[in-house]
Amino acid sequence: MNAAAPPSPYARIGGESAVRAIVTRFYDLLEEDKAYADLRTVHAADLGPVRHGLTRFLTGWLGGPRDWFERGPCIMSLHRAFPITPALADQWAMAMTCAIAAQEDIDPAIADSMTQALGHMARGMINFGLDDSAAA
Ligand code: HEM
């Protein structure tokens, strides 16, 4: 048996140009749509480095070249440095949902999986502003 590995999600969505288009749309939304104003504010004035970082992260996460993952801390540890409220996580997930949905010709099954997985990841980063008084 020598079955070829199935193509990665990265290959199936169109590789680097598709990932770059989604990330460009995501940060353009943060810059242009007031619905994401709070999320924009927690980022640095220059979005250039994070545009590059998210492109490389998604590339590896989708099964493409893994240079981002070989570089350092995991994505969850890295975000512990930022106060992430439920509202900020929702803004992140909503902007990413829109950025993916606007990608022409994307396989709808992959678009759906990406949207759901990244939404869960963003909400898993919440580390601030959760009312835990009910647990006391
Ligand atoms: C699945 C969810 C998320 C992913 C995949 C993600 C991904 C990334 C990546 C790859 C970077 C660049 C880090 C680097 O390459 O060194 C970054 C930076 C950052 N992220 Fe996220 N992120 C997510 C959710 C969030 C949320 C919910 C917030 C809300 C506050 C947030 C705030 C930031 C901030 C403030 C930076 C630093 C960049 C800057 O200062 O401009 N992220 N994120």
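Order of listing sets the numbers, starting from 1, for every ligand and every atom in it.
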Residues passing the ring pair (Phe, Tyr, Trp, His ring centres under 6.0 Å) test with Phe128, sequence neighbours excluded, are none

>> Looking at Glu16, I want to see if its CD is surrounded by more than 12 non-hydrogen atoms of other residues, nucleotides or ligands under 6.0 Å.
In response: no

Basic-acidic side-chain contact under 4.0 Å: Asp28, Arg51 | yes

Quick note on ligand 1: atoms under 4.0 Å from a heavy atom of Leu118 include exactly 1 (C)

Expected list for residues 113-121: side-chain donor-acceptor pairs under 3.5 angstrom, two or more places apart:
unit_1, atom_1, unit_2, atom_2, d
Ser113, OG, Ala109, O, 3.0
Thr115, OG1, Ala111, O, 2.7

Determine the interplanar angle of the Phe57 and Trp61 rings, folded into 0 to 90°, and report it as parallel if under 30°, tilted if 30 to 60°, perpendicular if over 60°.
parallel

Ignoring waters, protein N/O/S atoms under 2.8 Å from atom 21 (Fe) of ligand 1 are His79 NE2

One pair to check against side chain to side chain contact (heavy atoms under 4.5 Å, CB included): Met125 and Leu88. What are the steps and the verdict? CA-CA 10 Å; Met125 288 173 181; Leu88 286 174; over 6 Å; no

> Does atom NE2 of His52 have more than 12 heavy-atom neighbours from other groups under 6.0 Å away?
Replying inline: no

Q. Are any non-hydrogen side-chain atoms of His79 and Asn127 less than 4.5 angstrom apart?
A. no

Near Ala89 (heavy-atom distance under 4.0 Å), the atoms of ligand 1 are 27 (C)

In ligand 1, the atoms that come under 4.0 Å of a heavy atom of Gly53 are 10 (C), 15 (O)

Nearest non-hydrogen protein atom to atom 28 (C) of ligand 1, with distance, is Ile84 CD1, 3.8 Å

Do any side-chain atoms of residues 90-98 form donor-acceptor pairs under 3.5 angstrom with protein atoms, and if so which ones, sequence neighbours left out?
unit_1, atom_1, unit_2, atom_2, d
Asp90, OD1, Arg123, NE, 2.9
Asp90, OD1, Arg123, NH2, 3.1
Gln91, OE1, Leu39, N, 3.0
Thr97, OG1, Ala93, O, 2.7

Going by the 4.0 angstrom heavy-atom rule, the piece of Arg71 near ligand 1 is side chain

the protein heavy atom lying closest to atom 40 (O) of ligand 1 turns out to be Ala44 N, 3.3 Å

Heavy-atom nearest pair, Ile110 first then Arg12, reads CD1-CB, 3.5 Å

Note: Leu47, heavy atoms under 4.0 Å from ligand 1, region reported as neither

for atom 35 (C) of ligand 1, nearest protein heavy atom and its distance come out as Val42 O, 3.3 Å

In this structure, atom 29 (C) of ligand 1 is nearest to the protein heavy atom Leu39 CD1, 3.5 Å

The closest protein heavy-atom partner of atom 5 (C) of ligand 1 is Phe57 CE2, 3.5 Å

Out of His43, Arg51, Gln91, the nearest non-hydrogen contact to atom 33 (C) of ligand 1 is supplied by His43

Please walk me through it: do Trp68 and Thr59 pass side chain to side chain contact (heavy atoms under 4.5 Å, CB included)?
CA-CA 8 Å; Trp68 191 93; Thr59 294; over 6 Å; no

Any Trp68 heavy atom less than 4.0 Å to ligand 1:
yes

Do the side chains of Arg66 and Glu70 get close enough for a salt bridge, i.e. N-O under 4.0 angstrom? no

